[in-house]
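Any value given below was found using the heavy atoms of this structure, including those in side chains, with hydrogens, waters and symmetry copies removed.
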Amino acid sequence: SADTGPFAAIVAAELGVEALGDPLAVMASSPNPFVAAVAIGAALRLGVSPIRVGRVEQVEPFIDAASSREIADWSAGGDAR
């Protein structure tokens, strides 16, 4: 079955649910690089320090560059597509 974590992370970040910063920081260490990238992006969008969660670019070698750029742009305040 599909992992719903990335979708939940995006929804939380779009709604500004800052209380989920800690769980997103944990999700950012997921062994699945796409899940980790989305969690990092969502956490950064919510204001979690990059010192704590890292940067989306750190997982770019493990996901396609276009997805990494989209997630990084979104985490910096761009629109989700």
Side-chain angles (χ1 to χ4, degrees):
S1 73
D3 187 341
T4 58
F7 178 71
I10 291 168
V11 170
E14 286 292 320
L15 294 175
V17 185
E18 293 178 4
L20 292 178
D22 287 339
L24 287 171
V26 172
M27 188 188 297
S29 64
S30 171
N32 179 313
F34 184 77
V35 172
V38 173
I40 292 166
L44 292 172
R45 190 168 174 108
L46 287 173
V48 176
S49 170
I51 293 171
R52 183 159 182 223
V53 294
R55 297 264 183 213
V56 175
E57 293 82 3
Q58 291 174 292
V59 295
E60 186 172 304
F62 307 102
I63 63 175
D64 66 275
S67 294
S68 176
R69 281 191 303 276
E70 295 248 350
I71 296 166
D73 290 347
W74 170 74
S75 73
D79 292 332
R81 295 178 188 205

Side-chain touch S68/V59, heavy atoms, less than 4.5 angstrom: no
Within one Ile-Leu-Val-Met-Phe-Trp-Tyr cluster: V48 and V56, side-chain cutoff 4.5 Å: yes
Side chain to side chain contact (heavy atoms under 4.5 Å, CB included) involving E18 - partner list, sequence neighbours excluded: L46
Hphob cluster co-occupancy, F7 + V38, side-chain heavy atoms under 4.5 angstrom: no
Close side-chain approach of I10 to W74, heavy-atom, < 4.5 Å: yes
Pairs satisfying salt bridge (charged side-chain N to carboxylate O under 4.0 Å, His left out), at least one member in residues 58-68, at least two apart: none
Closest non-hydrogen atom pair between A37 and I71, with its separation: O-CG2, 3.4 Å
Pairing residues for I51 by the side chain to side chain contact (heavy atoms under 4.5 Å, CB included) criterion, not counting sequence neighbours: S49
Shared hydrophobic cluster, V17 / V53 (ILVMFWY, side-chain heavy atoms < 4.5 Å): no
Heavy-atom pair of closest approach, residues P6 and V35: CG-CG2, 3.8 Å
Under 3.5 Å, side-chain donor or acceptor atoms of residues 22-29 against the rest of the protein: list the pairs with distances, not counting sequence neighbours.
unit_1: D22; atom_1: OD1; unit_2: R52; atom_2: NH1; d: 2.7
unit_1: D22; atom_1: OD1; unit_2: R52; atom_2: NH2; d: 3.0
unit_1: S29; atom_1: OG; unit_2: V26; atom_2: O; d: 2.8

Qualifying residues under side chain to side chain donor-acceptor pair (under 3.5 Å), relative to S30, sequence neighbours excluded: none
